[in-house]
Number of protein chains: 2
Amino acid sequence: MKAIKRDAEATKARILLAAKKEFARRGLGGARVDEIAERAKANKRMIYHYYQSKEELFRTVLEEAYLDIRSAERKLNLDELSPTDALETLVKFTWNYYLKNPEFITLVNSENLHRARHLKSLPKLHETMRGLVDQVDNILKRGQKSGEFRSGIDATQLNITIAAIGYYYLTNRFTGSFLYERDLMDKKSLEERLAFNIDTILKLVSA
Amino acid sequence: MKAIKRDAEATKARILLAAKKEFARRGLGGARVDEIAERAKANKRMIYHYYQSKEELFRTVLEEAYLDIRSAERKLNLDELSPTDALETLVKFTWNYYLKNPEFITLVNSENLHRARHLKSLPKLHETMRGLVDQVDNILKRGQKSGEFRSGIDATQLNITIAAIGYYYLTNRFTGSFLYERDLMDKKSLEERLAFNIDTILKLVSA
DNA sequence: CATTTAATGCACTAACTAGTTACTTCTTTA
DNA sequence: TAAAGAAGTAACTAGTTAGTGCATTAAATG
């Protein structure tokens, strides 16, 4: 039975969600602890009670973000699809995940600005990541066997490329929309980009 | 004849260079004006004398950065090369520019975190950018005519993709090296990535 | 050489920010 | 039901940071 006025778990979760939004909006350096407290409808003291420091809170947010995207990825069950379908599904998924979770991109950018300092204390993520590369490697091998794909494609490079063509477009949507003088985020542009990305990847692997 | 102890131009330039480095290292929010002054071996008062505010200084740094990459791009004289060579040259150039000027990437990231707020007061950049897209469009048209390239390729999408496959790899080099458990920045990895990128683009356009 | 103009330096402030202290209020359980 | 422990609050601190006022010094000009 949950308490109404006092619920540690709920408060902790509210803080985490608020932190995710604030870190995504302003980056680690730009985020304000007071702002996170206000968004979470919690007292600032509670943040330090549950998460010790701003950096530790960031670390937790980052870990959650990576675990979430990888967990969603696993649910795709790519092994059950044909190699070509599997790859197309992965490209679509990656694109849509970035689109629906824009905070993921900002968090990763922020972490890279800090030279992956926080990630380094999260060794659990290695394994999760290895799984993804193995999965893509598997698709590639199946595709080669069936004659759909050419041989000699590096799974890590392909993975990076699939992420890159979506990530870059979305992370640079503001400067991009300005410089190319078109709204990169309207419905038509987004559909066009996704189609282009699928094309890029399929042409890259095809025999 | 240049003054020795007082040289407005030199001081101004030193401040700009120092600001570029500091903004690239920490982002707009994380950069410290005192640090810029120290790096520039100038008094903080001089920064405000020449650039009015931290944001105005950032704006200037950003404008310089965009003008510099576009100016370097123009020097490639892509129109004098065969379509395939021109495209390969552009992919190589983009990659090497990012590699040698890592601050460009960080500045762009920072500007996107701020929703391209500063860029919006720099209308001059539009024209410079239009030139680039036209140039790539020209290469595409020549390639289609010669039968090397397929038709129906959007120049803006291609441009974005050429930037994306290099940019993503390099901006995420810290998280990437950690997650993929390999040093993405050692000589061999960099060469491998460039080769993969050239391959990706050429397969994308080929007839 | 004298006067003006621009460059430079020091010391300051007003606002902000991560983190803490000291306290109150609620919930659980022996 | 009393006591202990956990959840929550408000006000504060110590340090930092962008931006300035004002005096000084060097170069330009007539």
Side-chain angles (χ1 to χ4, degrees), chain A residues 1-62 107 110-111 113-114 117-118 121, chain B residues 1-62 107 110-111 113-114 117-118 121:
Chain A
M1 211 181 343
K2 285 281 162 195
I4 296 163
K5 299 190 90 176
R6 294 196 164 194
D7 188 335
E9 287 305 306
T11 304
K12 219 177 150 181
R14 278 206 319 282
I15 290 172
L16 199 64
L17 183 68
K20 192 177 181 179
K21 285 182 186 160
E22 173 71 359
F23 284 134
R25 231 183 140 63
R26 316 268 185 208
L28 169 57
R32 296 291 160 246
V33 177
D34 284 293
E35 180 67 25
I36 293 170
E38 200 171 319
R39 273 173 188 264
K41 287 177 190 179
N43 190 279
K44 182 164 60 155
R45 194 66 190 80
M46 289 293 93
I47 293 175
Y48 290 94
H49 185 245
Y50 292 122
Y51 298 99
Q52 292 80 52
S53 70
K54 186 184 178 184
E55 297 236 340
E56 181 56 33
L57 178 57
F58 181 77
R59 200 193 314 280
T60 310
V61 166
L62 196 68
L107 290 171
S110 199
E111 177 63 357
L113 189 61
H114 292 270
R117 199 171 75 212
H118 310 88
S121 57
Chain B
M1 211 183 342
K2 282 283 157 191
I4 296 166
K5 299 191 90 176
R6 292 196 165 195
D7 188 334
E9 287 306 307
T11 304
K12 220 176 150 180
R14 278 205 320 281
I15 290 171
L16 199 64
L17 183 68
K20 192 176 182 181
K21 286 182 186 163
E22 173 70 0
F23 284 134
R25 231 184 138 64
R26 317 267 185 210
L28 170 56
R32 296 293 160 244
V33 178
D34 284 294
E35 180 67 24
I36 294 171
E38 200 171 317
R39 273 174 189 263
K41 286 175 193 181
N43 192 279
K44 182 164 62 155
R45 194 72 191 75
M46 288 296 91
I47 292 175
Y48 290 94
H49 185 247
Y50 292 121
Y51 298 100
Q52 293 80 52
S53 69
K54 187 185 177 185
E55 297 237 342
E56 181 57 32
L57 179 57
F58 181 77
R59 200 193 314 278
T60 310
V61 166
L62 196 68
L107 290 170
S110 198
E111 177 63 359
L113 189 62
H114 292 269
R117 199 171 75 212
H118 309 88
S121 56

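Since the structure is predicted, the reported quantities are computational estimates derived from the model, not experimental observations. Here is the naming used below: chain letters follow the sequence lines, and residue numbers restart at 1 for every chain.
- The salt bridge (Lys or Arg N to Asp or Glu O under 4.0 Å) check on A/Lys54 picks up nothing, with sequence neighbours excluded.
- With sequence neighbours left out, A/Phe23 forms a ring pair (Phe, Tyr, Trp, His ring centres under 6.0 Å) with A/Phe58.
- B/Glu9 places its CD atom 13 Å from the C1' atom of C/dA6, with the value rounded to the nearest Å.
- Within the structure, no pair that satisfies the side chain to side chain donor-acceptor pair (under 3.5 Å) test touches residues 13-26 of chain B, not counting sequence neighbours.
- Between A/Glu35 atom CD and C/dC16 atom P there is a gap of 13 Å when expressed in whole angstrom units.
- B/Lys41 has its NZ atom 21 Å from the P atom of C/dA7, to the nearest Å.
- When all heavy atoms of B/Leu107 and B/Ala24 are compared, the pair lying nearest together is CD2-N, 4.2 Å.
- In terms of the salt bridge (Lys or Arg N to Asp or Glu O under 4.0 Å) criterion, A/Arg45 has no residue partners (sequence neighbours excluded).
- In this structure, B/Arg14 places its CZ atom 11 Å from C1' of C/dT8, rounding to the nearest Å.
- Interface remark: the B/Arg45 side chain does not form any donor-acceptor pair with the D/dT20 base, using a distance-only criterion of under 3.5 Å.
- Phosphate proximity of C/dT8 to B/Thr11: present, with a side-chain N or O under 4.0 Å from OP1 or OP2.
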Shorter than 3.5 Å, N or O on both sides, protein versus nucleotides 16-18 of chain D: list them out with atom names.
residue : atom : partner : partner atom : Å
D/dT17  : OP1  : B/Arg32 : NE           : 2.7
D/dA18  : OP1  : B/Ala31 : O            : 3.1
D/dA18  : OP1  : B/Arg32 : NH1          : 3.2
D/dA18  : OP1  : B/Lys54 : NZ           : 3.2
D/dA18  : OP2  : B/Val33 : N            : 3.2
D/dA18  : N7   : B/Lys44 : NZ           : 3.3

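- Here C/dG19 presents its P atom at 16 Å from CE of A/Met46, a figure rounded to the nearest Å.
- With sequence neighbours left out, B/Glu56 forms a side chain to side chain contact (heavy atoms under 4.5 Å, CB included) with B/Gln52, B/Ser53, B/Arg59, B/Thr60.
- Residue contacts shown for A/Tyr51 are absent, as no nucleic acid heavy atom lies under 4.0 Å away.
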